[in-house]
Amino acid sequence: MTMEFRRRLPIPAEVKEDLPLPSRYEKKKAERDWEIGQILQGVDATRKLLVIGPCSADRSDAVLEYCAKLAELQEKVKDKLLIIPRIYTSKPRTTGAGYKGMLHQPNPSSGSDMLEGLKTIRSLHLKVIQETNLFGADEMLYPSSYRFVSDLLSYAAVGARSVENQEHRLTASGLDIPVGMKNPTGGDISVMINAVYAAQQGHMFIYRNWEVVTSGNPLAHAILRGYKRSDGRNRPNYHYEDLLLLCEEYSKMGLKNPSVVIDCNHANSNKKHVEQPRIVRDVLRSCSESKEVSTMIKGFMVESYLEEGSQKVGGSVYGKSITDPCLGWSGTERLILELADEL
């Protein structure tokens with residue numbers, strides 16, 4: 001046997017019943033979702049989105065402390081930036097090896113199970129909402145798992161390794177929150193644009209053993225994260241010429257609400273986390289050169305945590321990334337305040 005079916009998991013509705021979102025936060029979430037939508041639709045042209053947080057959420061206490069700090073800054077910059085904490089509880093792995101996120105933490109081989117991981121993920125998002133009044137972003141790595149947190153998230157991302165997958169595209173078409181589609185690791189912009197197009201259309205398909213029909217997600221949009229060339233080197237795609245090309249592609253496809261969020265880390269920074277503030281400044285200069293580019297740029301994605309850099313899984317430094325290196329808090333605070341001043 002190559003696949004062992006251990007047990008049937010509860011459906012999302014049952015987990016939500018065990019760990020409900022208090023009703024007083026439902027209105028707050030609706031208001032925050034509306035604000036995000038206004039920015040992506042260009043109605044609110046004075047603010048940008050900032051999706052910011054650890055490369056991967058590893059421990060709840062450190063993520064909560066980080067988000068509490070973000071909430072304090074949000075009050076200071078609320079007229080210029082709408083901050084969405086990046087709470088990525090699932091981590092894609094190129095080879096399948098390495099830390100895969102809270103769903104797998106602790107490692108199932110130690111005796112814990114997937115249900116524990118699902119509850120840990122939901123509990124973390126709930127605590128962030130209740131303690132900070134911020135509503136987070138997560139990567140939709142497993143489309144079938146999205147429903148376990150669908151009432152808690154204000155932003156979802158489809159990663160570079162998933163963006164060409166039909167299930168991700170069709171599921172995104174049925175979400176009632178914005179979905180950012182990253183360019184693939186090989187850099188083909190047409191793949192990303194086709195994903196945005198697919199997500200903006202209505203579809204009928206099988207989802208969680210149901211026949212479902214979606215109406216399309218007009219807030220599906222692009223995320224530029226750089227790419228890896230055939231020679232193995234990273235190549236950025238946030239420069240002025242790249243942005244003009246994306247404007248052209250959006251125009252050709254006739255997509256709704258042309259928008260892009262610039263991922264300032266990954267291949268765009270060559271995984272040099274300290275380059276992220278410079279990349280933000282570079283993109284802002286591009287915005288000053290072109291009204292079309294400025295209108296299309298709706299925000300930034302930044303990887304940061306309490307402590308700068310990264311450490312190996314099992315490292316002892318509290319609030320330090322166990323995957324890609326991140327900005328530390330002092331650099332994060334400086335970046336946010338400077339970005340707000342520039343807008």
Side-chain angles (χ1 to χ4, degrees), residues 39-42 45 47-51 139 155-166 168-169 172-173 178-201 216-272 275-303 339 342-343:
I39 293 173
L40 288 170
Q41 293 173 78
R47 293 192 293 175
K48 301 290 187 187
L49 301 176
L50 181 60
V51 183
E139 179 169 354
Y155 188 95
V158 174
R161 296 163 186 81
S162 305
V163 72
E164 203 163 4
N165 178 268
Q166 180 145 307
H168 285 80
R169 294 177 173 193
S173 76
V179 180
M181 300 289 196
K182 288 196 174 185
N183 64 262
T185 54
D188 189 344
I189 297 299
S190 67
V191 170
M192 176 183 67
I193 289 294
N194 287 339
V196 173
Y197 179 88
Q200 289 192 356
Q201 312 308 307
N217 187 341
L219 298 181
H221 60 277
I223 301 177
L224 293 178
R225 49 89 72 196
Y227 62 93
K228 184 164 288 190
R229 301 190 317 190
S230 58
D231 61 5
R233 295 183 180 182
N234 288 322
R235 198 270 188 206
N237 58 7
Y238 63 85
H239 293 307
Y240 184 67
E241 294 78 12
D242 300 302
L243 299 176
L244 285 178
L245 176 62
L246 183 57
C247 286
E248 293 175 8
E249 292 300 315
Y250 259 123
S251 180
K252 287 179 187 176
M253 296 290 285
L255 297 173
K256 302 170 186 174
N257 306 313
S259 302
V260 63
V261 169
I262 304 298
D263 180 346
C264 298
N265 214 12
H266 297 99
N268 269 335
S269 69
N270 198 22
K271 291 197 173 182
K272 296 178 181 178
E275 294 294 315
Q276 294 180 101
R278 180 192 60 77
I279 292 169
V280 170
R281 293 192 295 269
D282 194 293
V283 172
L284 290 178
R285 281 194 294 272
S286 294
C287 290
S288 68
E289 295 292 330
S290 166
K291 175 68 173 177
E292 189 177 17
V293 167
S294 179
T295 299
M296 183 181 66
I297 298 290
K298 296 303 197 303
F300 300 90
M301 185 173 286
V302 172
E303 291 190 331
L339 174 56
E342 289 290 328
L343 294 175

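Because only heavy atoms are used, hydrogens play no part in the values below, and waters and symmetry mates are left out as well, while side chains stay in.
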Practice item. Give every residue pair that meets the ring pair (Phe, Tyr, Trp, His ring centres under 6.0 Å) criterion with at least one member in residues 217-247, sequence neighbours excluded. Key: Y155-H221
Whether [X] side chain and [Y] backbone form a donor-acceptor pair below 3.5 Å:
X    : Y    : answer
N183 : G226 : yes
S288 : R285 : yes
S251 : C247 : no

Distance from [X] atom [atom1] to [Y] atom [atom2], nearest 0.5 Å?
X    : Y    : atom1 : atom2 : answer
E292 : M296 : CD    : CE    : 7.5 Å
F300 : I262 : CZ    : CD1   : 7.0 Å
K272 : N265 : NZ    : CG    : 12.0 Å
N237 : L245 : CG    : CG    : 9.5 Å
Q41  : L219 : CD    : CG    : 5.5 Å
R169 : S162 : CZ    : OG    : 11.0 Å

Quick one, [X] and [Y] - any side-chain contact, counting heavy atoms below 4.5 Å?
X    : Y    : answer
N194 : M253 : yes
V293 : V283 : no
L284 : I297 : no
R235 : D242 : yes

Which heavy-atom pair separates [X] from [Y] by the least distance, and what is that distance?
X    : Y    : value
S173 : A198 : CB-O, 4.1 Å
L40  : S259 : O-OG, 3.1 Å
I223 : A157 : CD1-CB, 4.4 Å
D231 : R229 : OD2-NH2, 2.7 Å
V163 : M192 : CG2-CA, 4.5 Å
K298 : I39  : CE-O, 3.1 Å

Check your understanding: For atom CD of Q166, is the number of surrounding heavy atoms from other residues, nucleotides or ligands below 6.0 Å larger than 12?
Key -> no
**Study point:** salt bridge (charged side-chain N to carboxylate O under 4.0 Å, His left out) pairs, two or more places apart, involving residues 253-271
**Key:** K182-D263, K271-D324
Check your understanding: Who are the salt bridge (charged side-chain N to carboxylate O under 4.0 Å, His left out) partners of R281, not counting sequence neighbours?
Key -> none
